[in-house]
Amino acid sequence: MPTAMRSGPYRLYFYSNERREPAHIHVDRDEDSAKFWLDPVSLARNLGFSPRELGTIEAIVLGNQGALLEAWHEFHGA
């Protein structure tokens with residue numbers, strides 16, 4: 001699970017076996033987890049984050065969308 005970046009308490013990462021799915025990022029903090037599609041940025045799944053915290057995470061993903069997409073394509077060879 002390569003880490004693409006860290007922002008505050010959040011770890012943003014990819015799974016290596018998900019190249020058949022559209023570009024996305026997983027985000028964890030403690031026991032909570034979410035998955036965001038990267039193009040366009042939208043929530044795919046939430047396991048435990050509050051709506052307020054999801055807004056914070058979405059802002060992080062949006063602010064780094066280009067770099068995260070580049071990292072996705074570089075890692076998955078697309």
Side-chain angles (χ1 to χ4, degrees):
M1 296 181 295
T3 299
M5 69 176 285
R6 291 185 183 273
S7 181
Y10 306 109
R11 176 175 172 246
L12 291 80
Y13 63 95
F14 308 114
Y15 283 106
S16 60
N17 62 346
E18 294 185 321
R19 75 175 63 181
R20 292 188 180 156
E21 288 190 36
H24 63 278
I25 194 80
H26 296 269
V27 183
D28 286 354
R29 180 194 48 75
D30 302 326
E31 299 300 316
D32 299 336
S33 182
K35 176 179 173 179
F36 281 85
W37 303 118
L38 291 174
D39 192 24
V41 172
S42 63
L43 179 64
R45 184 190 74 227
N46 175 35
L47 299 171
F49 288 113
S50 70
R52 181 174 177 224
E53 195 165 14
L54 283 173
T56 298
I57 296 167
E58 183 174 18
I60 293 167
V61 174
L62 278 168
N64 293 281
Q65 180 184 22
L68 293 170
L69 277 168
E70 184 176 322
W72 169 272
H73 293 300
E74 182 178 305
F75 181 77
H76 290 291

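These numbers come from a predicted model, not from an experiment. The first residue in the sequence is number 1, and the count goes up from there.
Summarising the geometry of Arg29 relative to Pro9, their closest heavy-atom pair is CG-O, 3.6 Å, with the distance given to 0.1 Å. Between Val27 and Phe49, the shortest heavy-atom distance links the atoms O-CE1, 3.7 Å. Contact between Leu12 and Ser7 at its shortest, heavy atoms only, is CD1-N, 4.4 Å.
Atom-to-atom distance recorded for Asn46:CG and Lys35:NZ is 13.0 Å, nearest 0.5 angstrom. Atom-to-atom distance recorded for Ile60:CD1 and Leu68:CG is 10.5 Å, nearest 0.5 angstrom. From Ile57, atom CD1 reaches atom CG of Leu62 across 12.0 Å, with rounding to the nearest 0.5 Å. To the nearest 0.5 angstrom, Ser42 atom OG is 12.0 Å from His24 atom NE2.
Within a 6.0 Å radius of CD in Glu21, other residues, nucleotides and ligands contribute more than 12 heavy atoms.
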Q) Which is it for Glu58 and Val41 under the side-chain contact (heavy atoms from CB on, under 4.5 Å) test, yes or no, and what are the steps along the way? A) CA-CA 8 Å; Glu58 183 174 18; Val41 172; 4.1 Å; yes
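Relative orientation of the Tyr13 and His26 rings is parallel, given thresholds of 30° and 60° on the angle between their planes. Between His76 and Trp72, the two ring planes are tilted [angle within 30° to 60°].
Under the 4.5 Å side-chain criterion, counting only non-hydrogen atoms from C-beta, Asp39 is in contact with Gln65.
Each of Trp37 and Tyr10 belongs to its own hydrophobic cluster when Ile, Leu, Val, Met, Phe, Trp and Tyr are linked at side-chain heavy-atom distances under 4.5 angstrom.
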